[in-house]
Structures are given as C-alpha cells and as structure tokens.
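First up is the structure itself, then whatever we jot down about it.
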Amino acid sequence: MRYLLSGAAGFIGSHLCERLLGEGHELVGFDNFITGAKANIAHLVDHPSFRFEEADAAGATFLAEARTWGQFDVVLHFASLASPKHYLAKPIETLESGSTATRNMLELTRQSDAKYLVASTSECYGDPLEHPQKETYWGNVNPVGPRSCYDESKRYAEAMTMAYHRFYGSKTAIARIFNTYGPRMALDDGRVVPAFLEQALTGKPLSIFGDGTQTRSFCYVSDLVDGLLRLAHSDERYPTNLGNPAEITVGEFAERIRTLTGTASTIEYHPLPENDPQRRRPDITKAKTLLGWEPKVVLEDGLRETIAYFKTRV
Ligand SMILES: NC(=O)c1ccc[n+]([C@@H]2O[C@H](COP(=O)([O-])OP(=O)(O)OC[C@H]3O[C@@H](n4cnc5c(N)ncnc54)[C@H](O)[C@@H]3O)[C@@H](O)[C@H]2O)c1
C-alpha cells in the first residue's frame with residue numbers, strides 16, 4: 001500500500017515509518033522539524049520505498065506541493081506540537097496543526113479516496129470528571145486556558161474529520177492517544193518520561209509537579225503503533241481510545257525510574273501547572289472489542305528499552 005504520513009520525523013511518526021517500511025509498504029513522510037529531528041529517521045532515508053519531504057502541513061503552498069506526490073491508499077496525520085512545553089511556547093502553530101493542517105490532510109485523503117487516521121489525544125477529555133475515560137465522555141476542557149491551544153486544536157481536528165466523513169463520505173478514523181513513551185522521544189520536550197529519565201541519568205533531582213498523587217498511564221510505542229494501524233484499517237469512524245489502562249501515580253513512577261536507572265537522584269516538588277489533569281486512564285474496551293487490541297509491553301520492559309536509548313542521548 002502507499003501511505004502518506006505527516007510528522008514523520010517525530011517520536012511516534014518515526015516508529016510508524018519503521019513499521020510501515022518493515023511491512024513492505026511504500027511511504028511518503030514529511031515534517032517541518034518544528035519539534036521533530038532528522039536523526040529520528042536518519043536510518044530510514046535511504047530505504048528504496050521511502051520518500052521524505054521537508055514541508056509544513058499548514059503552509060500556504062502545502063496542498064499544491066503535496067498534490068505532486070501522487071495518490072495514496074492511507075493518509076496518517078500526526079503532525080502537531082505534542083508536549084506541553086512545545087505547545088505552550090508555540091500556541092499558534094499548534095492550533096494551525098489541528099486546524100489548517102488537518103483540513104489539508106483531509107483534502108489529500110479525498111483526492112486519493114484514501115483511508116485516513118488522525119492522531120487525536122486524551123487531552124480532548126481535559127481534566128476529566130469521569131474515570132476511566134470512555135469515548136462517549138465529552139470532556140472537561142477549559143477553552144481559553146493555557147492548554148486550550150492543544151486541546152481545542154485536537155477537538156477541532158476531530159470535528160473536521162467527522163465533517164469530512166459526514167459530508168464527503170471520507171473513510172476516516174480518530175485515535176485518541178493516551179500518554180505514549182519509548183525511544184526517540186525528544187529529551188527536552190518536558191513530558192514526564194523524558195524529563196525523569198534525563199534527570200535520573202544526569203543525577204539531577206526528579207521534578208514532581210504537585211504532590212505526586214496525580215495518576216498517568218503509559219503505553220509503549222510499539223503497542224500504540226499496532227493499535228493505530230488496526231484502527232486505520234477498520235471501519236470505525238468515531239473516536240477510539242488507544243493507551244495503556246495500567247494507572248500509576250507520578251510519585252510511584254518516579255520511584256520506578258529511580259530503581260530502574262539505579263540513580264542517586266532525589267525528588268523535588270514544584271507547584272502544579274494550571275489545568276494539569278489529576279487522573280488520566282483510558283477505558284480501552286472499544287479498542288479491545290473492535291480491533292482485538294490491547295497493550296502487551298509491561299512498564300518495566302518498555303522503560304528498559306527507553307532507558308537504553310536515553311543513555312545514548314544524555
Ligand atoms: N506521544 C504521546 O504521548 C501522544 C499522546 C497523544 C497524542 N499524540 C499525538 O501524536 C502525534 C505525534 O506526537 P509525538 O509524541 O510523536 O510528537 P513529536 O513532537 O515527536 O512529533 C510531531 C511531529 O510533527 C511535526 N510537525 C508539527 N507541526 C507540523 C507541521 N505543521 N507540518 C509538518 N510537520 C509538523 C514535528 O516537527 C514533529 O516531528 C501528535 O499529533 C500528538 O498530538 C501523542
């Protein structure tokens with residue numbers, strides 16, 4: 001099959017590239033490197049089935065350029081600033097990647113009569129009042145808070161995707177991705193896994209925001225990629241949660257990192273940022289039933305792989 005992937009040089013994008021090329025597909029991947037890195041795909045750029053382009057999915061000339069790349073069977077839209085540190089620093093680009101870029105990728109989908117999947121997020125649930133979060137929950141999002149540039153851009157992306165499905169009959173899918181981790185996360189992106197690992201591996205104190213009782217759940221990237229591709233090829237049009245339902249407090253997680261890295265780092269507590277969610281855990285019943293999917297990689301194993309990668313980076 002011929003795939004188009006935005007955000008190909010990012011963390012998840014680079015794993016999708018690896019998986020799709022490994023399965024023998026043809027792939028056109030592009031990225032504007034706003035947060036991604038050439039190094040993430042350096043081992044793939046000479047692959048005969050891979051074409052990489054530097055392009056901005058929200059750019060004024062993007063559609064004209066991308067239309068010269070040919071027809072696609074599947075379009076995957078992963079381009080977006082994804083970590084709070086990045087999207088708080090570049091809120092307008094973030095909103096553009098959910099809005100203009102999503103519309104552009106949907107237009108390319110329509111032109112090819114392709115299947116389409118957009119990387120949405122658990123942030124659509126905001127600071128949720130329901131636990132765990134099911135896809136039927138509409139969320140508790142502050143539309144004008146500092147994080148709204150990300151949350152609302154993804155909610156808009158979901159709405160635009162459903163509009164293309166309803167109005168044009170596009171074969172769309174929406175993945176609500178929960179915290180995912182693994183090799184090739186950017187060391188400086190501020191998310192809890194790279195932040196703790198960088199601190200642990202350099203002997204700095206591990207920073208916990210709040211008292212550490214807030215929960216997160218972490219999905220290893222190979223599990224996520226598997227779920228994403230199953231979903232892209234399904235006939236499900238409404239959002240589907242993909243994540244690991246195993247919930248852990250941030251405090252416990254810090255202890256786990258200390259043990260696995262063998263660091264002497266202490267723990268330092270900082271004030272909780274505005275609108276930081278207290279609990280985050282996916283209900284993945286839908287993905288289990290519909291796609292026969294559930295995560296397989298246990299936290300310790302995924303963390304060992306991730307630590308090995310980060311050791312080569314710090
Ligand atoms: N990693 C997670 O835990 C997680 C959770 C929920 C949702 N997601 C979503 O998955 C996708 C990938 O996230 P990631 O963690 O790999 O982040 P990432 O920052 O590593 O990757 C995103 C990539 O998109 C590129 N990009 C951004 N805007 C672009 C544009 N306008 N044109 C072209 N390229 C652009 C960036 O340069 C980067 O390479 C994002 O849409 C993100 O919102 C990720």
Side-chain angles (χ1 to χ4, degrees), residues 4-18 28-41 52-63 65-66 76-87 89-105 108 117-125 133 147 149-158 161 174-194 216-221 223-225 227-228 231 239-244 277 280 282 295 302 306:
L4 174 66
L5 170 63
S6 70
F11 158 52
I12 299 174
S14 67
H15 286 274
L16 276 165
C17 288
E18 241 172 33
V28 177
F30 72 93
D31 205 291
N32 67 352
F33 298 116
I34 194 165
T35 57
K38 287 193 172 118
N40 286 343
I41 46 163
F52 181 78
E53 298 283 343
E54 184 166 345
D56 177 354
T61 58
F62 172 74
L63 263 187
E65 189 189 343
L76 305 172
H77 180 32
F78 280 69
S80 174
L81 293 97
S83 79
K85 182 175 161 192
H86 290 146
Y87 62 67
K90 294 198 166 97
I92 297 172
E93 287 86 343
T94 305
L95 281 155
E96 281 289 292
S97 59
S99 55
T100 310
T102 300
R103 174 95 197 265
N104 285 341
M105 294 299 281
L108 294 173
L117 179 139
V118 62
S120 185
T121 172
S122 55
E123 301 288 340
C124 286
Y125 300 119
Q133 290 85 51
R147 300 168 74 109
C149 60
Y150 185 63
D151 305 3
E152 296 295 5
S153 101
K154 293 291 186 179
R155 287 164 70 101
Y156 178 93
E158 290 195 0
T161 298
I174 298 171
R176 284 201 184 137
I177 303 171
F178 283 65
N179 277 350
T180 300
Y181 72 101
R184 298 201 286 273
M185 293 189 91
L187 195 61
D188 66 344
D189 83 0
R191 284 182 273 191
V192 65
V193 175
R216 296 293 182 266
S217 61
F218 299 102
C219 184
Y220 191 61
V221 66
D223 280 333
L224 178 78
V225 164
L228 288 169
L231 181 59
T240 304
N241 289 339
L242 293 176
N244 195 319
R280 197 37 82 60
T306 313

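Both ligands and their constituent atoms are indexed starting at 1 by order of listing.
Distances between N or O atoms of T121 and those of ligand 1 include no value under 3.5 Å. Checking only distances, S120 never comes within under 3.5 Å of ligand 1, N or O to N or O. Below 3.5 Å of separation, one finds an N or O of I34 facing an N or O of ligand 1. Considering backbone and side-chain N/O atoms, G13 never comes within less than 3.5 Å of an N/O atom of ligand 1. Considering both main-chain and side-chain atoms, G10 comes within under 3.5 Å of ligand 1 through a nitrogen or oxygen pair. Looking at ligand 1, you won't find any N or O of S97 less than 3.5 Å from one of its N or O atoms. Backbone and side-chain nitrogen or oxygen atoms of A101 are examined, and none is located within less than 3.5 angstrom of a nitrogen or oxygen of ligand 1.
In terms of modelled atom types and a separation under 3.5 Å, the side chain of H86 and the main chain of P91 share no donor-acceptor contact. Side chain of T35 to backbone of L81: no donor-acceptor contact under 3.5 angstrom is found.
Heavy atoms of M185 come nearer than 4.0 angstrom to ligand 1 in no pair at all. The closest approach between a heavy atom of A8 and any atom of ligand 1 is not below 4.0 Å. For A9, the closest heavy-atom approach to ligand 1 falls below 4.0 Å. Remark: distances from the non-hydrogen atoms of A37 to ligand 1 are all 4.0 Å or more. Remark: distances from the non-hydrogen atoms of F62 to ligand 1 are all 4.0 Å or more. Under a 4.0 angstrom heavy-atom cut-off, H77 registers as lying outside contact with ligand 1.
Heavy atoms of A55 found under 4.0 angstrom from ligand 1 belong exclusively to the backbone.
Atoms of ligand 1 lying under 4.0 Å from any heavy atom of K154, numbered from 1 in the order shown and given with element: 40 (C), 41 (O), 42 (C), 43 (O). The G7 neighbourhood of ligand 1 comprises atoms 23 (C), 24 (O), 25 (C), with distances under 4.0 Å to a heavy atom of that residue. Distances below 4.0 Å separate heavy atoms of I12 from the following atoms of ligand 1: 1 (N), 10 (O), 16 (O), 44 (C). Of all atoms in ligand 1, numbered sequentially from 1 with element shown, those under 4.0 Å from a heavy atom of F33 are 37 (O). Atoms of ligand 1 found under 4.0 Å from any heavy atom of G36 (numbered from 1 in listed order, with element): 36 (C), 37 (O), 38 (C), 39 (O). Atoms of ligand 1 found under 4.0 Å from any heavy atom of D56, numbered from 1 in the order shown, are 30 (C), 31 (N), 32 (N).
Looking at I177 and L228, their side chains come closer than 4.5 Å, going by heavy atoms from C-beta outward. Inter-residue side-chain proximity for R216 and N179 is flagged as met; some heavy-atom pair is nearer than 4.5 Å. Side-chain contact between F218 and V193: present, with at least one pair of heavy atoms (C-beta onward) separated by less than 4.5 Å. The side-chain heavy atoms of L108 and L4, taken from C-beta on, include a pair separated by under 4.5 Å.
For atom 29 (C) of ligand 1, the nearest protein heavy atom (residue, atom name, distance) is N32 OD1, 3.3 Å. The protein heavy atom nearest to atom 36 (C) of ligand 1 is T35 OG1, 3.2 Å.
Looking at T100 and E96, their side chains do bring a donor and an acceptor atom within 3.5 Å of each other.
Of the candidates F78, Y181, Y150, Y150 brings a heavy atom nearest to atom 8 (N) of ligand 1.
Checked against the 6.0 Å centroid criterion, the rings of Y150 and Y156 do not qualify as a close aromatic pair. Residues F30 and F62 bring their aromatic ring centres within 6.0 Å.
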Next item on the list: Could you please spell out the steps behind the side-chain contact (heavy atoms from CB on, under 4.5 Å) verdict for S122 and Q133?
Entry: CA-CA 8 Å; S122 55; Q133 290 85 51; 5.8 Å; no

Note to self: Pair R184, S14 - check side chain to side chain donor-acceptor pair (under 3.5 Å), show working.
What the structure shows: CA-CA 8 Å; R184 298 201 286 273; S14 67; 2.8 Å; yes

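The pair E123-R176 does not meet the salt-bridge criterion, since no charged nitrogen lies less than 4.0 angstrom from a carboxylate oxygen. One finds a salt bridge joining R155 and E152 here, because a Lys/Arg side-chain nitrogen approaches an Asp/Glu carboxylate oxygen to under 4.0 Å.
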